[in-house]
Protein chains: 2
Amino acid sequence: MAVTIRDVARASGVHISTVSRTFSAPHLVNPETRSRVLATAEQLGYRPNRAARALITGRTHNIGLIVADIANPFFPPLIKAAETHARRRDYHVFVADTDEDPIVEAELVQALAKQVDGILLCSPRMSDDQIELLRREVPLVVINRLITGLPAVVMDVGQGAREAVLHLLGLGHRHLVYLAGPRGSWTNREIRRAAGATARAAGAELTVLGPNQPVEETGAAAAEAVLGTGATAVFAYNDLMAIGLLQSLQDRGVDVPGQVSVVGIDDIAYSVLVRPRLTTVANPTAAAGRTAVDMLLQHGDDGPAGQVTLRTDLIIRNSTGPGPYAPAVALNAEVAAHVKE
Amino acid sequence: MAVTIRDVARASGVHISTVSRTFSAPHLVNPETRSRVLATAEQLGYRPNRAARALITGRTHNIGLIVADIANPFFPPLIKAAETHARRRDYHVFVADTDEDPIVEAELVQALAKQVDGILLCSPRMSDDQIELLRREVPLVVINRLITGLPAVVMDVGQGAREAVLHLLGLGHRHLVYLAGPRGSWTNREIRRAAGATARAAGAELTVLGPNQPVEETGAAAAEAVLGTGATAVFAYNDLMAIGLLQSLQDRGVDVPGQVSVVGIDDIAYSVLVRPRLTTVANPTAAAGRTAVDMLLQHGDDGPAGQVTLRTDLIIRNSTGPGPYAPAVALNAEVAAHVKE
DNA sequence: CTGAAAGCGCTAACAA
DNA sequence: TTGTTAGCGCTTTCAG
């Protein structure tokens, strides 16, 4: 089999515990001995067996990352950032995909629990109670959801939604559609709440269409319904749906943003690849991934769990344009004041 | 700490080895005893510690999956398929991203080697020698690359390239551009070779532009160069580049496919989201992911490594149209005969 | 600073 | 069918 600590000990003429120390507590070993051990280890190609180490230290140096759908372009940048950041801290990341299914999600947490030092739950679809139960089995950090007492990093989609609605209002739109996301999504609730409050405060109408699976197809399929409402602007749960809608509207001969304005959320890479380029609320997914890893690894150091909120940014591109009403130039500030809670 | 095999043994009044057997060789234990053990295990919430098990069996039940860039939409469907398929066989998947860097790639293999039962190398950028060295440390299955003696699953991009070029030729194009992919990519070499041979056999011209990083930006940046060649059709290393080029051409007022035809490879989800919809060679990425997992897990059973080639399919959409020459209706069959080696 | 010894949680012969 | 006995490769007291 592979070369073990014993081989190194023998080859360098010391006891295995000295070899062990050389790797896990170098300062406790004589510099000369240390370099000799290191040299033979190097030469033999020795690499500590993490499973064995985990057995005794109780730390696996693995992290679990559970996402709703790897194929959704929202996740890859987050996964990538988390993985790279974790690796830099000598951790490996297990990635698992739940296919948007809360049952699978719970099973995955259980399956991974003993294999990892903690799990990053990204956009979980489980109920709060469910998560509450699971957190006893394994340290959890939740991304894109707020649960009392649980460490979390969320992207402030509420603020983003508010800005987006204000943007639309300022453009002269008075009847908006919110093309909702999936049931069980905290993000979806946040957006809906914030968008609703903002529209209401301005005396504008907001029609909610949904819930929907957060994929292009549902966006495209919603075109008829959107047109049926008579609204002149649509705010979608994510860019995927916004893009699906955008293309579907254009395929029907509806001009965007001439007749209908469309705004998305996430700022996925493809939002600049469609024409018109998509106006959207940028989510700091990479930062969220890194932050979540940090929170998980600090877990225990600073007692009670923190909750970090990351800023979002409205990026105005070409899928939004003037609405049928007079541009409410002063509206932005005015409404903002109202809305500020 | 967590509940161990000893707790279960005590609680159910048997020896730990009986508990062990209940889980790893159920048929060797009395049905009554078994159900009793199972019941207490269930009740105590016992879950075998995989690290401990791995230590003795030598099998971690983990698989490593190394990809060039998670954020490249080519990979997520493959990752997802591999992960789901592996999980069904009770394996977990470590996903790692190399950022297209062969050095990082090699380091990752080494780091993961002891943690996993094998590694799936997807579109590796390393040299053959490098990979040859690494395969001694850990079982490897390579995706999208052929290396003598190494199990591999490849998507037949050569055939796809041939079909694509024939399609273009049949449309009346005689001067094509191949917008190349990254250096070190086997896929890139295959495409180039097949496309070149096919064009040559038909007496058409093929200009190669590259190598390039396989991202939208380079596709967009290549617009000028493409126009400069005077070619009327472009075949890109992947959809990302094709889409970047497509939009960049349109932004310059060049009609696609009116003036220039564009075809990509991969058939990523976004290829139908752009207008015109992209003509492309569909790669069976999900099947590749599943097949690779199977090959890795069968490793050893059937001795020498197999090499599986998966079919690709040309999907004709709207980014390709008539070229300046007479449509060579009969050309397809004719050239195909020539090209068939 | 280094060696000896005792396990981490589990499996795998071997006996009984 | 079940219990006993060794470890897997490593860390961690505790002596020396």
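Letters go in sequence order (proteins before strands), and every chain restarts at 1.
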Exercise. Between A/His15 (NE2) and D/dG16 (C1'), how many Å, whole number?
Worked result: 13 Å

Problem set entry | Separation of atom CD1 in A/Ile16 from atom P in D/dC10, rounded to whole Å | 9 Å

For this session: Please report the C-alpha distance between A/Asp99 and B/Lys80 in whole Å, then the side-chain angles of each, then the deciding distance to 0.1 Å, and finally whether the side-chain contact (heavy atoms from CB on, under 4.5 Å) criterion is met.
Result: CA-CA 9 Å; A/Asp99 269 316; B/Lys80 182 169 182 153; 3.0 Å; yes

Exercise. Distance check: side-chain N/O of A/Thr33 vs OP1/OP2 of C/dT2, anything under 4.0 Å?
Worked result: yes

For this session: For A/Tyr46, report the nucleic acid contact type (base, sugar-phosphate, nothing); a contact means any heavy atom under 4.0 Å.
Result: sugar-phosphate

Problem set entry | From C/dG9, D/dT2, C/dG3, nucleotide with atom closest to B/Leu55 side chain | C/dG9

Problem set entry | Under-4.0 Å side-chain N/O to phosphate OP1/OP2 contact, A/Thr18 with C/dG3 | yes

Problem set entry | Side-chain N or O of A/Ser20 closer than 4.0 Å to phosphate OP1/OP2 of D/dT11 | yes

Exercise. Is the shortest side-chain N to carboxylate O distance from B/Asp156 to B/Arg311 below 4.0 Å?
Worked result: no

Seminar exercise, completed: B/Arg6 atom CZ is separated from C/dT11 atom P, nearest whole Å, by 12 Å

Exercise. Whole-Å distance between C/dT11 P and B/Arg21 CZ?
Worked result: 11 Å

Exercise. How close or far is atom P of C/dC8 from atom CD1 of A/Ile56, stated in whole angstroms?
Worked result: 9 Å

Seminar exercise, completed: Per atom distances to the B/Ser17 side chain, the nearest of C/dC1, D/dG3, C/dA4 is D/dG3

Exercise. Does OP1 or OP2 of D/dC10 have a side-chain N or O of A/Ser24 closer than 4.0 Å?
Worked result: no

For this session: Side-chain contact test, heavy atoms from C-beta onward, threshold under 4.5 Å: evaluate it for B/Pro124 versus B/Ile131 and give yes or no.
Result: yes

Exercise. Roughly how many Å is it from CZ in A/Arg34 to P in C/dC1, rounded to a whole number?
Worked result: 9 Å

Exercise. Nearest nucleotide by nearest heavy atom, which residue falls closer to the 5' end of DNA chain C, A/Gly13 or B/Ala52?
Worked result: A/Gly13

Exercise. Sub-3.5 Å donor-acceptor pair from the side chain of B/Asp117 to the main-chain atoms of B/His61, do we have one?
Worked result: yes

Exercise. Side chain of B/Val29: nearest nucleotide among C/dA12, D/dT2, C/dG9?
Worked result: D/dT2

Exercise. In whole Å, what is the span from the CG atom of A/Leu28 to the P atom of C/dG3?
Worked result: 14 Å

Exercise. Taking CG from B/Asn30 and C1' from D/dG3, how many angstroms apart are they, rounded to a whole number?
Worked result: 15 Å

Exercise. For A/Val19, which contact category applies under a 4.0 Å heavy-atom criterion: base, sugar-phosphate, or nothing?
Worked result: nothing

Exercise. Does B/Arg125 come within less than 4.0 Å of B/Glu105, counting only side-chain N to carboxylate O?
Worked result: no

